[in-house]
**Student:** 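Before I ask anything, here is the structure I am working with.
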Amino acid sequence: MWAHLPEWFFHVLVLAALLIVGCSLGLLWLLCRLLPPKCPRCGAALLFRDRLVERATSLHGGLRLRTYTCPQCDYARSERLRTPRTKPPTQLGRDVSGQRGL
């Protein structure tokens, strides 16, 4: 049945299948990232609050503490997150180092 088809057709078929699987996994990952985290005890959506522990500078990244709490069963957990460095200060469109800013 498939013997009369050219060989490149099978390559295109395999690439299409890999593309479909890859897109499906990417959409699943994105969906999991966008949905709020669930409480492991009761399954309710967790609320979170961020607290700045260490402010970021142009030399070092900062640190924040994210606390997840469940409004139904009082479950709580915390995680430490790094924040990115800030941009160096500019003065009249120029970097402090003297280079032109973009």
Side-chain angles (χ1 to χ4, degrees):
M1 178 171 141
W2 298 94
H4 68 281
L5 294 173
E7 185 178 344
W8 62 266
F9 179 78
F10 296 109
H11 294 286
V12 170
L13 192 64
V14 168
L15 287 176
L18 288 175
L19 183 66
I20 290 170
V21 169
C23 288
S24 299
L25 289 175
L27 286 174
L28 182 64
W29 177 83
L30 185 63
L31 184 64
C32 289
R33 297 287 295 171
L34 292 177
L35 291 176
K38 301 285 185 187
C39 176
R41 291 183 189 166
C42 67
L46 294 176
L47 304 174
F48 72 90
R49 191 174 125 228
D50 283 344
R51 189 183 71 160
L52 186 63
V53 176
E54 184 179 319
R55 186 174 298 277
T57 65
S58 60
L59 299 176
H60 303 286
L63 183 67
R64 67 181 170 169
L65 185 68
R66 178 169 283 179
T67 304
Y68 293 95
T69 56
C70 178
Q72 292 184 6
C73 70
D74 293 329
Y75 168 81
R77 71 176 165 98
S78 296
E79 61 183 17
R80 295 167 38 153
L81 302 170
R82 300 296 299 176
T83 58
R85 294 185 299 182
T86 59
K87 294 182 179 179
T90 60
Q91 188 175 29
L92 296 175
R94 291 185 168 267
D95 270 338
V96 175
S97 62
Q99 298 175 346
R100 293 274 304 157
L102 296 176

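Residue numbers start at 1 and run along the sequence shown. Computed from a predicted structure; not experimentally measured.
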**Student:** What is the distance from atom CG of L13 to atom CG of L18, rounded to the nearest 0.5 Å?
**Tutor:** 10.0 Å
**Student:** Got a donor-acceptor contact below 3.5 angstrom from the T86 side chain to the S58 backbone?
**Tutor:** yes
**Student:** What's the separation between atom CG in L46 and atom OG1 in T69, rounded to the nearest 0.5 Å?
**Tutor:** 7.0 Å
**Student:** Which atoms form the tightest heavy-atom contact between P71 and A45, and what is the distance?
**Tutor:** CD-O, 3.6 Å
**Student:** Could you report the tightest heavy-atom contact between A56 and G62, atom names first, then the distance?
**Tutor:** CB-N, 3.4 Å
**Student:** Side-chain heavy atoms nearer than 4.5 Å, only ILVMFWY residues, links allowed to pass through others: does that put F48 and Y75 together?
**Tutor:** yes
**Student:** Taking everything shown except R85 itself, do over 12 heavy atoms lie less than 6.0 Å from its CZ?
**Tutor:** no
**Student:** Could you measure the distance from the SG atom of C39 to the CZ atom of R77? Nearest 0.5 Å is fine.
**Tutor:** 9.5 Å
**Student:** What's the separation between atom OG1 in T83 and atom CZ in R55, rounded to the nearest 0.5 Å?
**Tutor:** 9.5 Å
**Student:** Calculate, to the nearest 0.5 Å, the distance between atoms CZ and CZ belonging to R64 and R49 respectively.
**Tutor:** 13.5 Å
**Student:** Using the rule that Ile, Leu, Val, Met, Phe, Trp and Tyr join whenever any side-chain heavy atoms are under 4.5 Å apart, tell me whether L65 and L63 fall into a single cluster.
**Tutor:** yes
**Student:** Would you check if L31 and L27 make a side-chain contact, meaning some heavy-atom pair closer than 4.5 Å?
**Tutor:** no
**Student:** Short question: side chain of R66, backbone of L81 - any donor-acceptor pair under 3.5 Å?
**Tutor:** no
**Student:** Between atom SG of C23 and atom CG of L30, what is the distance when rounded to the nearest 0.5 Å?
**Tutor:** 12.0 Å
**Student:** Show the nearest heavy-atom pair for residues C42 and Q72, with the distance to one decimal.
**Tutor:** SG-OE1, 3.9 Å
